[in-house]
Structures are given as C-alpha cells and as structure tokens.
Amino acid sequence: MNRLTKYLLRETHHQTIERQKEIDKLQSAIKYLWINVSIYILITIIEYWLSIIGNSQALKADALNNLSGVISTGVLIFGLWEATNVNDDDIIGKQLPIKSVRSKDTLQLSRFRLETVFTLVTSFIILLISLQIIITGIIGLFHLEDKSSPNLMSALGAGIATVMMFGVFYINRHYGKKIGNASLMAASKDSLGDVVTSLGTTITVLISFFLNLAWLDGAVSVVIGGFILWQGLQIFQESTLNLADYVDPKLESQLKAEVEQFKKVHKVVDLRSRYNGNLLIVDIFIMVDPKATAMEIYHTNEKIERKLHKNFDVFDVTVTIIPDPDDLKK
C-alpha cells in the first residue's frame with residue numbers, strides 16, 4: 001500500500017470519526033429538545049388557562065411566547081432529525097449524488113446545513129408570534145374602559161412558568177456546552193429570555209393587582225412582544241450569516257496566524273472558511289519554496305490539518321500550494 005493510499009484512508013477515517021461525533025451531538029440535542037417541547041407544552045397550557053381565569057393580557061402574551069417555543073423547537077427537531085438521517089439518500093425529497101468524487105464513504109456535508117436552515121425557519125415563527133403579541137397588546141391599551149386588573153391566579157401561573165423555564169434554561173445551557181451544540185445553545189438563549197419574560201410577568205401582575213393598574217398589564221404584554229421580536233431577529237441574523245458562509249474575522253485571523261507559524265509556509269495568500277451546520281471547513285492558499293519536494297509539501301499539509309483540527313476543531317482543511325515567485329528569481 002503506497003503512501004498516497006494510506007493518506008487517503010487515514011483522512012477518510014478521520015472525517016468519518018468527526019462526522020459521527022457531529023451526528024451523535026445532533027442526536028443528543030434532539031433528546032434534550034424533546035424535553036423542551038414537553039415542558040413548553042405544559043407551561044403554555046397552565047399559563048393560557050390561568051390568563052383567562054386571572055384576566056391577564058401579559059400572562060396570555062407569555063403563554064403565546066411559550067407556544068412559539070413549542071412550534072419552533074418542533075421545527076428544529078425535524079431539521080436535526082433530517083440532518084442526522086444519513087441512511088436516507090435524499091434531502092427533503094432531492095436525491096444526493098450516488099457517487100462521491102473523493103470517497104465512497106464521504107457524506108454529503110450539506111446535509112448538516114439543515115440544522116441552520118430550520119433554525120432560520122424558527123426565527124420567522126418567533127417574529128410572527130411576537131408581532132401578533134405586540135399588535136394585540138396595543139389594541140388592548142386603547143380599550144381599557146372594559147378591562148379590569150388581573151388577579152392573583154395570573155401571578156401564580158407566571159410564577160410556575162418562571163421556575164419551570166429556569167429548569168429548561170439550565171438543561172439547554174448545561175448540555176449545549178457539554179456536547180458543543182449550537183442548537184441547544186441557541187435554545188438556551190431563547191429559554192433565558194422566557195425566564196425573564198415570565199419573571200417580569202409575575203412582577204407586573206402583582207403590581208397591577210395591588211395598585212389596580214389595568215393599563216400596566218397591557219403595556220407589559222407589548223414589552224414582552226418587543227423582547228420576543230428582538231430574540232427572533234438575533235436568531236435570524238446568526239442563521240443567515242451562517243448560511244451566507246460568514247465566519248468571525250477574528251477566528252479567520254487566528255487560523256491564518258496559526259498556519260503562518262510553519263517554517264515551510266512562506267505566506268498565506270488567502271484563507272476562506274465556512275460552516276456546514278456546526279462543521280467548520282477551511283480552504284487555504286499558501287506560498288512555499290518552488291523547489292520543495294512533493295513529500296515535503298505533503299508533510300506540511302498534514303501538519304497544518306492536524307494543528308487546525310486540534311486548536312480550532314476544524315473538520316476539513318483543503319490546502320492549495322502556490323510557488324513563491326520571489327524564490328523563482330533566485
């Protein structure tokens with residue numbers, strides 16, 4: 001077995017292991033997201049029921065906020081399931097290439113972008129629900145003559161929601177960090193916002209009840225809607241940047257500086273990076289001594305790949321070699 005064959009086998013083996021790690025992460029994320037859905041459904045039912053009994057527009061807005069969590073998390077679960085369904089030969093009805101140019105074992109990495117696509121869909125759902133909450137709240141503020149202050153049943157519902165949502169936040173953040181999954185980390189941001197809105201609703205209902213301020217309940221529902229809108233815009237921005245192959249310029253500068261430390265690399269001409277889901281892909285164009293042997297270049301490539309994977313968790317590195325024109329003149 002020649003060295004090229006060994007190299008290709010080793011690279012394929014490495015990518016297979018890394019790919020499986022990513023699939024395992026996504027499958028773990030799905031399990032935790034199901035816990036999210038279960039708790040969100042329970043909270044939504046409790047809050048909506050008590051908002052009717054307790055006559056609270058703010059609590060109803062918070063219930064709709066949690067309903068958006070049910071819908072968006074369900075959509076995300078479907079996206080992650082489709083992304084990890086590697087035994088399927090299509091993506092949402094479109095057939096994948098039967099043969100791969102590099103290896104028969106290479107997975108179509110675009111499959112992992114489904115996680116980002118469905119996160120983007122989630123942001124649209126959140127935006128629509130937030131606008132509905134804002135519009136309803138504003139309309140309510142113009143009809144205060146028929147509205148009475150909420151009672152303590154609303155405060156009870158908001159208090160229960162606050163405690164339960166804090167549990168959801170802890171689960172998402174803890175396991176999101178543990179398995180390094182962007183979906184759970186995004187969910188943790190969303191659930192933290194839900195903790196804040198539920199706590200704010202509790203305080204609002206109590207103040208409105210004791211001070212008999214009917215307008216405060218409606219005003220806070222508008223504020224909650226605005227907060228949800230801001231969250232949706234944040235998720236929308238992150239998802240669109242990911243799909244547009246945006247990578248933090250600071251990270252790219254660090255990658256470039258890491259590669260330039262190798263003695264055989266005269267200069268990094270260009271560096272391009274992108275994400276497929278959570279997988280970071282890097283293409284590097286480097287200048288080397290035009291008199292360098294193929295074996296020297298091969299070893300340099302391997303060192304660059306290992307270094308970037310170890311220090312930055314880069315999934316795949318493609319190195320393009322360019323002879324240094326200054327050395328050609330010597």
What distance separates N172 CG from L192 CG, expressed to the nearest 0.5 Å?
10.5 Å
Applying side-chain contact (heavy atoms from CB on, under 4.5 Å), run through W230 and S130 and close with a yes or a no.
CA-CA 9 Å; W230 177 78; S130 68; over 6 Å; no
Is a donor on one side and an acceptor on the other found under 3.5 Å between the side chain of S208 and the backbone of V205?
no
Would you indicate whether the side-chain heavy atoms of T320 and D283 approach each other to under 4.5 Å?
no
Shared hydrophobic cluster for L131 and F227 (ILVMFWY, side-chain gaps under 4.5 Å):
no
Roughly how far, to the nearest 0.5 Å, is CG of L59 from OG1 of T202?
8.0 Å
Does I304 reach the side chain of V265, with side-chain heavy atoms less than 4.5 Å apart?
yes
If I compare all heavy atoms of V259 with all of V268, which pair ends up nearest, and what's the gap?
CG1-CG2, 3.7 Å
How long is the gap from CG on L271 to CD1 on I284, to the nearest 0.5 Å?
5.0 Å
Under a 4.5 Å cut-off applied to non-hydrogen side-chain atoms, are L229 and I134 in contact?
yes
On a heavy-atom basis, the closest approach of V70 and I41 is CG2-N, 3.7 Å
Under 3.5 Å, sequence neighbours excluded: what are the donor-acceptor pairs made by side chains of residues 46-54?
from: E47; atom 1: OE1; to: A63; atom 2: N; distance (Å): 3.4
from: E47; atom 1: OE1; to: N66; atom 2: ND2; distance (Å): 2.6
from: S51; atom 1: OG; to: E47; atom 2: O; distance (Å): 3.4
from: S51; atom 1: OG; to: Y48; atom 2: O; distance (Å): 2.7

As an exercise, state the distance from CE of M287 to CD of E260, rounded to the nearest 0.5 Å.
11.5 Å
Are more than 12 heavy atoms, taken from residues, nucleotides or ligands other than F312, located less than 6.0 Å from that residue's CZ atom?
yes
Below 4.5 Å, heavy atoms only, C-beta onward: do Q237 and Q234 meet side chain to side chain?
yes
How many angstroms lie between NE2 in H266 and CD1 in I286, if you round to the nearest 0.5 Å?
9.5 Å
Give me the one residue out of V317, T318, V319 that meets side-chain contact (heavy atoms from CB on, under 4.5 Å) with N301.
V319
Indicate, with yes or no, if V223 and L211 share a hydrophobic cluster defined by side-chain heavy-atom contacts under 4.5 Å among Ile, Leu, Val, Met, Phe, Trp and Tyr.
no
Measure the spacing between NZ of K264 and NZ of K303 and express it to the nearest 0.5 Å.
8.0 Å
Heavy atoms only: give me the nearest A155-L206 pair and the separation to one decimal.
CB-CD2, 3.7 Å
Quick one: does F124's side chain get under 4.5 Å of L120's, heavy atoms only?
yes
If you group Ile, Leu, Val, Met, Phe, Trp and Tyr by side-chain heavy-atom gaps below 4.5 Å, do I235 and L241 land in one group?
no
Beyond-backbone contact of V163 with F166, side-chain heavy atoms, under 4.5 angstrom:
no
Can you name the residues that form a ring-ring contact (aromatic ring centres under 6.0 Å, His included) with F262, not counting sequence neighbours?
none
Please list, one pair per line, the donor and acceptor atoms closer than 3.5 Å that link side chains of residues 245-255 to other protein atoms, with sequence neighbours excluded.
from: D245; atom 1: OD1; to: R113; atom 2: NH2; distance (Å): 2.3
from: D248; atom 1: OD1; to: K250; atom 2: N; distance (Å): 3.0
from: E252; atom 1: OE2; to: S273; atom 2: OG; distance (Å): 2.5
from: S253; atom 1: OG; to: P249; atom 2: O; distance (Å): 3.0

Nearest heavy-atom approach of S191 to F169 is OG-CA, 3.2 Å
Are I321 and F285 in one and the same hydrophobic cluster, where Ile, Leu, Val, Met, Phe, Trp and Tyr link if side-chain heavy atoms are under 4.5 Å apart?
no
Mind checking whether Y170 and H174 have parallel, tilted or perpendicular rings, split at 30° and 60°?
parallel
Non-hydrogen side-chain atoms of D289 and D324 separated by less than 4.5 Å:
no
Within-4.5 Å side-chain heavy-atom neighbours: L308 and E258:
yes
I'd like to know if L42 and W34 are part of one continuous hydrophobic network [Ile/Leu/Val/Met/Phe/Trp/Tyr, side-chain heavy atoms within less than 4.5 Å].
yes
For V195, is there any backbone N or O sitting under 3.5 Å from a side-chain donor or acceptor partner on S198?
no
